[in-house]
Amino acid sequence: MAADPALPTNAVLAEQFELLADLLELDGADAFRLSAYRRAAARIRESAAPVAQLAVDGRATEIPGIGSTIEGKIVEFSETGDMRALAKLRDKLPTGLVDVMHVPGLGPKTARLVWTELGVSSLDDLRVAAETERLRELPGLGAKTEERVLAALAKPAKGKSEGPPRVLLGKVLPVVREVVAELGEHPACERVSEAGSARRRCETSRDVDFIATSTDAPALIAHFVGLPRVAEVVAHGPTKATVTTYDGFRLDLRVVPPEAYGNLLQHFTGSKDHNVALREAAVKQKLSVSEYGIQDTESGELFTSEDEAAVYERLGYAWIPPELRENRGELEAARKGALPDLVELADVKGDLHMHTTWSDGRASLDEMVAAARALGRKYIAICDHARRLKGELLEQQAAEIAAANERADGIQILRGVEVDIRRDGSLDMEDDLLAGLDWVMASIHSGFDAPRDELTGRLLTALDNLNVDCIGHPTGRKINRREPYDLDFDAVLARAAETGTFLEINAQPDRLDLRPSHARAAIEAGVKIVVSTDAHRTHELENLELGVFQARRGWLTKADVVNTRTWPQVRKLMKR
DNA sequence: GCCGTTTTCGGCCCGACTGTTTTCAGTCG
């Protein structure tokens with residue numbers, strides 16, 4: 001049942017296969033083998049189930065991209081802490097060469113070349129070789145390469161190809177909407193859309209892509225690079241430009257011919273994996289897909305369309321919502337007309353997690369109520385931290401909520417709480433008090449570094465408590481700041497399903513916890529999801545849409561999300 | 001190494017850009 005805590009985590013496994021692929025690439029191995037390892041690494045990294053355990057049980061091959069060879073290597077690594085394949089390559093190649101290969105602009109071929117010809121086996125060696133102008137002695141390399149290498153190595157984060165940091169969706173979305181509006185205002189602009197990871201509502205983005213059609217492309221591009229927010233123009237051509245903004249975004253605009261707008265929007269929305277799978281499938285239908293159109297390889301005929309849905313239709317698919325375009329089964333579903341009818345923001349009726357000045361919130365209860373009502377919420381749960389509601393305070397808050405309900409018009413205010421799940425799994429509010437509340441959210445706020453079995457045990461104990469309605473931010477991660485704690489998520493799901501406890505998708509921009517793969521696994525395990533904001537300020541109530549996007553990326557329908565129901569309907573669904 | 005509405009073998013997306021080149025390899029998305 002429960003995963004063996006000694007087994008490696010998915011993140012550790014994924015790293016091994018990424019390293020194996022890198023070393024094999026340096027060794028000149030077959031490119032398709034490499035991409036097989038990289039694909040497997042990506043699937044392992046994002047899997048909600050503990051893949052090492054699956055492999056030991058002989059079930060890892062159920063994951064697409066993992067066959068018997070890779071499963072065997074996972075078992076080997078789980079049992080011995082290493083892989084013979086890795087050891088063999090480490091003997092053959094200096095591991096520092098992997099860092100060299102990751103320097104932007106270099107690659108495996110160049111890294112191998114500088115190693116064999118100049119003995120470069122680390123970033124330090126590389127710097128010296130560039131400084132002493134020895135790189136230009138090699139075929140295909142010149143002074144420009146040395147310049148680029150030195151520039152890349154001078155950056156503070158040396159080594160791994162960091163580039164600009166990934167920006168949270170919560171920061172990206174407002175900029176996306178403003179820029180679309182600013183471009184749309186220009187007289188030469190006909191159509192404009194966001195594309196790329198922002199359009200797919202990925203939790204973070206490295207850059208923000210836009211595409212547009214225009215009666216005068218150079219004029220629209222000029223307007224773009226002249227926007228007040230632009231700090232630096234990185235590239236500026238007649239149909240394409242890249243800029244950075246004062247607040248640290250990298251924006252990319254392409255102006256495209258209107259007749260192929262649909263093809264280009266499809267192409268630039270991605271993801272890469274989605275497009276590769278789409279094109280591979282198309283090849284079997286004797287069709288070649290690119291951003292310029294769909295070419296029939298026999299007749300040579302080129303299909304283009306202004307309409308993205310028509311592009312999918314030509315290939316035999318229903319239009320696929322961008323949030324699903326990750327090659328996680330959406331193509332098969334779209335071919336069969338079996339795509340889920342994804343939940344929408346407008347479906348959500350209530351917000352079941354927020355704080356007020358009764359604990360660490362910055363707005364009063366009345367202010368939160370007014371803001372929630374303005375957003376059209378029909379009910380809200382006030383979930384202040386239990387540790388701040390000791391003694392009479394709980395009663396006083398109850399009175400304030402009762403009074404607010406008296407005044408309230410069209411919104412119901414629920415008495416809730418957010419309890420801490422302590423190290424021993426107990427909660428920081430007595431059961432008889434919890435039983436008197438409308439809604440109980442239980443979360444872990446401490447001891448994140450504990451071993452897997454301890455953290456799993458804490459959650460299982462909380463799930464067993466009849467008064468716990470929902471687990472808040474169940475994996476504890478903070479994007480760019482804190483890894484999720486080590487958890488046997490399968491065991492948590494099984495217990496949540498068994499006890500009828502909900503799990504939260506917390507819509508705070510840096511939490512977005514559960515992640516999509518976890519949310520999807522939850523639904524498949526029969527667990528329902530609450531999407532809530534955990535707002536501490538009035539404007540944070542608007543973050544609900546971020547949670548809904550995350551839910552959509554997890555393939556969730558309206559029925560899968562608890563709080564698309566009226567409060568009486570939610571009440572019936574609860575375990576108590 | 002993976003995988004199967006042509007396949008258990010023989011395929012495996014498509015194009016742009018860059019730097020270094022007279023026709024292209026390597027890298028990137």
Side-chain angles (χ1 to χ4, degrees), chain A residues 17 20-22 24-26 28-44 60-74 83 85 100-114 135-149 152 161 163 195-197 200 202 205-209 211 234-235 237 239-240 242 250 252 254 256 260 263-264 266-295 297-298 302 315-317 325 327 331-332 335-336:
Chain A
F17 286 109
L20 182 56
D22 285 349
L24 279 169
E25 190 169 25
L26 285 166
D30 172 55
F32 296 111
R33 258 177 87 204
L34 311 175
S35 49
Y37 281 125
R38 295 205 168 110
R39 205 165 40 232
R43 290 299 175 98
I44 291 168
T61 53
E62 290 171 16
I63 298 172
I66 297 183
S68 55
T69 304
I70 290 183
E71 179 173 81
K73 287 183 156 61
I74 298 172
M83 294 180 206
V100 173
M101 159 182 149
H102 285 151
V103 171
L106 304 190
K109 297 276 165 44
T110 313
R112 190 177 170 84
L113 184 70
V114 298
L135 294 183
R136 64 183 67 178
E137 299 167 7
L138 302 178
L141 304 185
K144 276 269 175 63
T145 313
E146 286 168 353
E147 238 172 74
R148 273 197 317 182
V149 162
S161 54
S197 56
R200 302 199 311 279
C202 292
S205 294
R206 208 177 280 287
D207 44 34
V208 188
D209 298 314
I211 74 164
V234 179
T239 62
K240 182 186 157 184
T242 302
R250 193 181 168 90
D252 210 349
R254 285 160 201 264
V256 305
N263 305 78
L264 283 142
Q266 194 286 320
H267 171 76
F268 286 114
T269 297
S271 67
K272 187 184 178 209
D273 285 350
H274 174 85
N275 285 351
V276 168
L278 181 90
R279 290 168 181 201
E280 278 178 2
V283 166
K284 293 176 183 152
Q285 301 177 59
K286 306 245 187 291
L287 296 171
S288 172
V289 178
S290 82
E291 56 264 55
Y292 302 112
I294 302 170
Q295 185 160 38
T297 48
E298 289 182 335
L302 188 70
L315 296 168
Y317 302 104
R325 299 183 195 175
N327 191 27
L331 289 166
E332 295 86 325
R335 190 176 284 287
K336 289 188 292 193

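A note on names: the letters A, B, ... follow the listed sequences, proteins ahead of strands, and every chain is numbered from 1.
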How far does the P atom of B:dG11 sit from the matching atom of B:dA16, given to the nearest Å?
26 Å
Is the shortest side-chain N/O distance from A:Thr69 to OP1 or OP2 of B:dC2 below 4.0 Å?
yes
B:dT8 pairs with which nucleotide, Watson-Crick or G-U wobble, both distances below 3.5 Å?
none
In chain order, what residues pass the side chain to side chain contact (heavy atoms under 4.5 Å, CB included) check against A:Glu137, with sequence neighbours excluded?
A:Leu118, A:Arg134
What contact category does A:Ser35 fall into here, base, sugar-phosphate, or nothing, at under 4.0 angstrom with non-hydrogen atoms?
nothing
If I take atom CZ in residue A:Arg38 and atom P in nucleotide B:dG29, what distance separates them, rounded to the nearest angstrom?
13 Å
On a whole-Å scale, what distance lies between the C1' atoms belonging to B:dG1 and B:dT8?
14 Å
Looking at A:Arg325 and A:Ser271, what are the two nearest heavy atoms and their distance?
O-OG, 3.0 Å
So, does A:Glu146 use its side chain to make a donor-acceptor pair with the main chain of A:Arg136 at under 3.5 Å?
yes
All side chain to side chain contact (heavy atoms under 4.5 Å, CB included) counterparts of A:Lys144, not counting sequence neighbours
none
Identify, with sequence neighbours excluded, every residue that meets salt bridge (charged side-chain N to carboxylate O under 4.0 Å, His left out) alongside A:Glu62.
A:Arg59
Please give, in whole Å, the distance from B:dG29 P to A:Leu278 CG?
21 Å
Roughly how many Å is it from CD in A:Glu332 to C1' in B:dC3, rounded to a whole number?
12 Å
If the condition is side chain to side chain contact (heavy atoms under 4.5 Å, CB included), which residues does A:Asp252 pass it with, not counting sequence neighbours?
A:Asp209, A:Lys240, A:Thr242, A:Arg254
Take the protein atom CG of A:Asp207 and the nucleotide atom C1' of B:dG29, then report the distance between them rounded to whole Å.
9 Å
What distance, rounded to whole Å, do you find between the two P atoms, one in B:dG19 and one in B:dC9?
47 Å
Separation of the P atoms in B:dG15 and B:dT22, to the nearest angstrom:
25 Å
B:dC12 and B:dC17, which share atom name C1', separated by this distance in whole Å:
24 Å
A:Asn327 has an atom CG; how far is it from atom C1' of B:dC2, in whole Å?
13 Å
Protein-nucleotide distance (A:Ile63, atom CD1; B:dC3, atom P), rounded to Å
11 Å
Atom-pair distance (NZ on A:Lys284; P on B:dC9), nearest Å
17 Å
With a non-hydrogen cut-off below 4.0 angstrom, is A:Leu106 in contact with a base, only sugar-phosphate, or nothing?
sugar-phosphate
Taking atom P in both B:dT23 and B:dC28, what distance in whole Å separates the two?
25 Å
Each nucleotide in nucleotides 10-23 of chain B should get exactly one letter: B, S or -. Can you fill that in based on protein heavy atoms under 4.0 Å?
--BBBSS--SS---
What is the nucleic acid contact for A:Gly270, judged by heavy atoms within less than 4.0 Å: base, sugar-phosphate only, or nothing?
nothing
What residues, two or more places apart in sequence or in another chain, satisfy side chain to side chain contact (heavy atoms under 4.5 Å, CB included) together with A:Thr110?
A:Leu106, A:Leu141
